[in-house]
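In this chain, numbering begins with 1 at the start of the sequence shown. The basis for the numbers below is simple: all heavy atoms, side chains too, and nothing from hydrogens, waters or symmetry mates.
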Amino acid sequence: MDTSWFAKRPVSALRPGDHGWLAYSSQEERDEVIGPFVREGLATTEKVVYITDVPAERLPGLGPGQPIDVDARVRSGQLRVITLREACLDRGGAFEPAKMADTVGREVGDAFGRASAPRASPPTTAGC
């Protein structure tokens, strides 16, 4: 059993409650690293929260040729795209950690509180 607070594992092996820091150095690498994370979350019944200023249809892993109906996932609440300003920036545009924590906490609470959500795991969250 992995008892360390820090564990290296592939994105596909993340478990409920894990916090993944997914580093990348280019947009191509971002798509290769985060794309599967987003797709796999949406392929299950998990709620996916992505914090970005990019529209949902342009998120990594959700471009043309992918078998995921992005609009349907947004309408159902399974996919939630939150702008940086709404999620984690103060009025001056600086990162505000407490605001980010509140945003993630609210989304986790929503994921567990939705009566139609047949899952018992926290949402997949990416961004910021």
Quick check on side-chain contact (heavy atoms from CB on, under 4.5 Å): which of Leu59, Ile82, Leu62 does Tyr50 satisfy it with? Leu59
Which distance, rounded to the nearest 0.5 Å, do you find between the CD of Glu29 and the OH of Tyr24? 10.0 Å
Nearest-0.5 Å distance that lies between atom OG1 in Thr83 and atom CG in Asp53: 6.0 Å
Which side-chain N or O atoms in residues 91-102 pair as donor and acceptor under 3.5 Å with protein atoms at least two apart or in another chain?
from, atom 1, to, atom 2, distance (Å)
Lys99, NZ, Arg85, O, 2.8
Lys99, NZ, Leu89, O, 2.8

When you look at Arg58 and Thr52, which way does the side chain to side chain contact (heavy atoms under 4.5 Å, CB included) test go after all the steps? CA-CA 10 Å; Arg58 290 186 32 219; Thr52 183; over 6 Å; no
With sequence neighbours left out, the residues meeting salt bridge (Lys or Arg N to Asp or Glu O under 4.0 Å) with Arg39 are none
Restricting to non-hydrogen atoms, name the atom on Pro60 and the atom on Val38 that form the minimum distance, rounded to 0.1 Å. O-CB, 3.8 Å
Calculate, to the nearest 0.5 Å, the distance between atoms NZ and CD belonging to Lys47 and Gln78 respectively. 10.5 Å
Look up atom CD in Glu46 and atom CG in Leu79, then write down how far apart they are to the nearest 0.5 Å. 12.5 Å
Candidate pair Arg80 and Glu86, rule salt bridge (charged side-chain N to carboxylate O under 4.0 Å, His left out), full reasoning: CA-CA 12 Å; Arg80 174 112 156 84; Glu86 180 185 350; 3.4 Å; yes
Using the side chain to side chain contact (heavy atoms under 4.5 Å, CB included) rule, take Val49 and Val104 through it: C-alpha gap first, then chi angles, then the decisive distance, then the call. CA-CA 8 Å; Val49 178; Val104 172; over 6 Å; no
Closest approach of Ile51 and Cys88, non-hydrogen atoms and distance? CG2-SG, 4.4 Å
Exercise: identify the closest heavy-atom pair between Asp31 and Pro36: O-CD, 3.7 Å
